[in-house]
> 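Below is the structure I would like to discuss, written out as structure tokens.
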Amino acid sequence: MTRVFSGIQPTGNVHLGNVLGALVPWTEDQHRADSLFCVVDLHALTRPQDPDELRATTLRLTQILLAVGLDPEVCTLFVQSHVPQHAELAWLMECTAAYGELSRMTQFKDKSGKGGFVSAGLFTYPALMASDILLYDTDLVPVGDDQRQHVELTRDLAERFNSRYGPTFTVPQATFPKAGARIMDLQDPTAKMSKSEDQAPGTILLLDEPKSIEKKIKRAVTDTESEVRFDVAAKPGVSNLLSILGAATGRTPEEAAAGYEQYGPLKADTAAAVVERLAPIQARYAELAADPGETTRLLAVGAAKATELAAATVTRAKANIGLLPR
Ligand code: AMP
Ligand code: TRP
């Protein structure tokens, strides 16, 4: 059976783009493949984190994943730091990756160029990501476009290791969500909706109140025409609303456009569709948040399942690279 692995960082707030672009597709993947989903807390450490905040965000993100529909009976859901093999294999990956190769990662160049503290972990991050993926003999890695280069590097590292030390890793492939699932900022529809401060008017957060969702969509940037049509280049704002309405109601943006002549009703219906799509997720989240012990229990089960797979891979990799068995 096809093995799927993906990860999400416990930083910032989960927003509508994450839900429609990544989490909902994951809930579909879990039924089609043998899937593992990982809250990658070690990746979050590449930038300074407040310890209490990191713990709280990791728990909250897990509860959101469960609320969106990841079913621990169907897939394996776990926290990265609960499975020590991630850090262990990452070292072998760091020693397989070339310095120059890691220097060429565009995400590292972007993030390190912004000033502030640049950890060595920010530089070696792709080696940890390669470890995440290779530990589970992963075939497919559903990710956003910004992770394409990291998955390419993972393939290169797997092939290099295999050719140096003999067959060890499955060479994975990235998969990308279908077009239309890319949600843009409501105030700047040429930029991706992204994790940000609580009050950002262009970002709809998963845990936003209905009133706040309605307000943000009502104020979304459109254009001075009044025609409703899906045309990303000419009408980015309106097209984004159609993408959101379509994704929230299981249709293409073009299908969602049918019947609208004015922006007012389009905005009202988009807001209503988003509120309706998020309501059951928010309700389930509230239940899980009220009983953190249940989440902890589910995570222990996930970690045990993941560890069993990961341990076998690490044993194989260590033996092949020439580490003396104990
Ligand atoms: P990030 O929030 O950037 O860590 O991304 C977590 C996951 O959500 C990745 O799979 C991204 O591709 C996806 N994602 C993030 N922002 C958006 C967006 N605006 N539209 C669609 N998918 C997104
Ligand atoms: N780097 C990814 C991101 O920032 C998260 C991630 C870590 C990941 N390890 C992974 C994604 C392994 C897919 C597979 O979005």
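Just follow the structure's listing: the first ligand is 1, and inside any ligand the first atom is 1.
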> Examine distances only and state if a side-chain atom of Gln80 and a backbone atom of Leu42 form a donor-acceptor pair shorter than 3.5 Å.
yes
> Going by the order shown, which atoms of ligand 1 are within less than 4.0 Å of some heavy atom of Ala22?
7 (C), 8 (O), 10 (O), 13 (C)
> Find the distance between CH2 (Trp26) and OG (Ser6) and round it off to the nearest 0.5 Å.
4.0 Å
> Is it the case that ligand 1 has an N or O less than 3.5 angstrom from some N or O of Gly17?
yes
> For ligand 1, is His15 a contact, meaning one of its heavy atoms is under 4.0 Å away?
yes
> Under a 4.0 Å heavy-atom cut-off, what residues line ligand 2?
Phe5, Ser6, Gly7, Gln9, Val40, His43, Tyr125, Met129, Asp132, Ile133, Val141, Val143, Gln147
> Which of the atoms in ligand 1, numbered in the order shown and given with their element, are less than 4.0 Å from a heavy-atom of Ile183?
18 (C), 19 (N), 20 (N), 21 (C)
> For ligand 1 and Gly144, I'd like to know whether there is a polar contact (N/O to N/O, distance under 3.5 Å).
yes
> Can you find an N or O of Ile8 that's nearer than 3.5 Å to an N or O of ligand 1?
no
> Under 4.0 Å from a heavy atom of Gly21: which atoms of ligand 1 are those, numbered in the order shown and with their elements?
21 (C), 22 (N)
> Counting only heavy atoms not in Glu209 (residues, nucleotides, ligands), do more than 12 fall under 6.0 Å from its CD?
no
> Would you say CD of Glu308 has more than 12 non-hydrogen atoms from neighbouring residues, nucleotides or ligands within 6.0 angstrom?
no
> Would you say Lys192 contacts ligand 1, with heavy atoms under 4.0 Å as the rule?
yes
> Residues two or more places apart in sequence or in another chain: which of them pass ring-ring contact (aromatic ring centres under 6.0 Å, His included) with Phe5?
Tyr136
> Is Glu88 paired with Lys318 through a side-chain N to carboxylate O contact shorter than 4.0 Å?
yes
> Taking the six-membered ring for Trp, are the ring centroids of Phe108 and Tyr125 within less than 6.0 Å of each other?
no
> Is any side-chain N of the basic residue among Lys216 and Asp208 closer than 4.0 Å to the acidic one's carboxylate O?
yes
> Taking the six-membered ring of Phe117, is NZ or CZ of Arg47 closer than 6.0 Å to its centre and within 45° of its axis?
no
> Please could you name the atoms of ligand 1 that Arg182 approaches to less than 4.0 Å, counting only its heavy atoms?
20 (N), 21 (C)
> Using ring centroids (six-membered ring only for Trp), state whether Phe78 and His86 fall under 6.0 Å.
yes
> Check this for me: Arg219, atom CZ, are more than 12 non-hydrogen atoms of other residues, nucleotides or ligands nearer than 6.0 Å?
no
> May I ask you to check whether Val143 has an N/O atom sitting below 3.5 Å from an N/O atom of ligand 1?
no
> Does ligand 1 come near enough to Asn18 that some N or O of the ligand is less than 3.5 Å from an N or O of the residue?
yes
